[in-house]
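One structure is given here, and the rest of the page talks about it.
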Amino acid sequence: MKKIISILLILLVCNTYAFGIDFDSSIDTDIRKEFGVDENNLPPLPEASADENYEIQNNSSNKTPTVKTNVKYNPVGKNYTVSNGTRLEIVSLSMISDTLPKGTKVSFKAKNGFTTTDGTIVPAGTIVKGTVTDSHRPQITGNGGLVELKINEIYFNGIKSDINTKVSLANSKKVFRSDIKGKRLYKKNFSKIMTPGKKFFAGTRSCASAMSIIPVVNIIAFVPLVGGAVFYTLNLVAAPFITFFTKGGSVRIPAGTDFEIKFHGDSVIKG
């Protein structure tokens with residue numbers, strides 16, 4: 001009796017819908033006929049690129065996908081650090097001269113982009129501003145004009161930040177202490193003032209030389225020579241005093257001139 005009941009239970013379980021498996025291949029057959037695809041000759045799956053494989057691996061490990069290394073975003077509201085010693089090439093947007101009074105604002109733009117400590121790119125064209133902290137026109141003793149610049153503002157994403165920099169190059173010339181100086185012309189002016197004495201002395205020597213080959217006249221050939229020597233000596237003595245009151249060169253730097261600034265200390269830029 002127990003065997004009969006066991007057999008009935010087994011038959012009842014095997015005939016339930018939960019354990020029934022029915023394979024319907026009619027749909028697959030219709031698809032293969034419509035597209036003419038043999039199940040033994042299916043096209044290969046497309047291969048994923050290196051970037052797609054990288055993303056698939058990241059997603060498979062439940063990690064947040066990372067931004068590609070060649071793309072940097074600059075979200076507003078974040079602070080960025082520019083490290084000490086960073087050099088930035090900038091281009092002047094207006095003329096800079098020794099006639100600009102102290103306190104005048106001058107504007108520049110970044111010639112090339114640069115990166116912060118976290119790799120964020122500050123793009124070319126970013127506005128940089130400075131202030132004329134001192135200036136004077138050419139002075140006596142051959143001293144040239146002077147413009148002292150303090151580049152202390154940067155506008156990243158349109159947001160102003162204070163920076164501490166020094167001007168290191170102006171028009172490909174080295175600048176010390178951010179002082180752009182006109183040429184000192186004392187030696188050049190001294191040479192100009194000595195020109196009349198040199199020319200006069202050269203003329204008297206030629207005259208004395210010509211007179212020396214003429215009989216009788218050669219006796220007084222030394223006269224023009226002595227006169228020229230006296231004039232040259234007086235010119236030489238007076239030249240330093242005259243040169244003292246001459247002025248040096250002016251500072252005139254047109255718009256579009258290349259400059260270079262160097263960051264002193266780490267600077268925080270608002271994004």
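This one's a predicted model, so the numbers in the text were calculated from it and none came from an experiment. Quick note: residue numbers are just sequence positions, from 1.
A donor-acceptor contact closer than 3.5 angstrom is absent between the side chains of Thr131 and Thr133. No hydrogens or angles considered: nothing links the side chains of Lys129 and Ser107 as a donor-acceptor pair under 3.5 Å.
Atom CE of Met194 is separated from atom CD1 of Ile242 by 10.0 Å, given to the nearest 0.5 angstrom. With values rounded to the nearest 0.5 angstrom, Thr120 atom OG1 is found 11.0 Å from Asn79 atom CG. Atoms OG and CD1, on Ser92 and Ile253 in that order, are 7.5 Å from each other to the nearest 0.5 Å. In this structure, Lys160 NZ and Asn152 CG are separated by 8.0 Å, a value rounded to the nearest 0.5 Å. Remark: Ile96 CD1 to Thr257 OG1 distance equals 7.5 Å, nearest 0.5 Å. The structure places CG of Asn143 at 11.0 Å from NZ of Lys247, a figure rounded to the nearest 0.5 Å.
Other residues, nucleotides and ligands contribute only 12 or fewer heavy atoms inside 6.0 Å of the CZ atom of Arg137. Residue Lys150 qualifies as enclosed at atom NZ: its count of foreign heavy atoms under 6.0 Å is above 12.
Side-chain contact between Ser83 and Thr117 is present, with heavy atoms from C-beta onward closer than 4.5 Å. Contact of the Ile154 side chain with the Ile269 side chain is registered, since non-hydrogen atoms from C-beta on lie closer than 4.5 Å.
For Ser135 against Leu100, the heavy-atom pair with the smallest separation is OG-O, 2.6 Å. Residue Ile151 comes nearest to Thr165 through the heavy atom pair O-OG1, 2.7 Å, listed as atom of the first residue, atom of the second, then distance. Across all non-hydrogen atoms, the minimal contact from Thr116 to Thr81 is CB-O, 3.3 Å. When all heavy atoms are compared, the tightest approach of Ser161 to Lys270 is OG-N, 2.8 Å. When all heavy atoms of Val82 and Phe114 are compared, the pair lying nearest together is CG2-CE1, 3.8 Å. When all heavy atoms of Phe190 and Leu236 are compared, the pair lying nearest together is CZ-CD1, 4.2 Å.
By the salt bridge (charged side-chain N to carboxylate O under 4.0 Å, His left out) test, Asp179 is found to be paired with no residue, residues two or more places apart in sequence or in another chain being considered. With sequence neighbours excluded, no residue forms a ring pair (Phe, Tyr, Trp, His ring centres under 6.0 Å) with Phe263. For Lys192, there are no salt bridge (charged side-chain N to carboxylate O under 4.0 Å, His left out) partners at least two apart in sequence or on another chain.
Under the 4.0 Å criterion applied to side-chain N and carboxylate O atoms, Arg177 and Asp134 are not assigned as salt-bridge partners. Salt bridge absent: Glu148 and Lys102 never bring a charged side-chain N and a carboxylate O closer than 4.0 Å. The pair Asp98-Lys181 does not count as a salt bridge, with every side-chain nitrogen at least 4.0 angstrom from each carboxylate oxygen.
A cation-pi contact, defined as under 6.0 Å to the ring centre and within 45° of the axis, is absent between Lys198 and Tyr232.
Ring centroids of Phe108 and Phe259 are separated by less than 6.0 Å, placing the two rings close together. Two rings, from Phe156 and Tyr80, have their centers less than 6.0 Å apart.
Follow the hydrophobic side-chain contacts under 4.5 Å out from Ile213 and you never reach Leu225; the two are in separate clusters.
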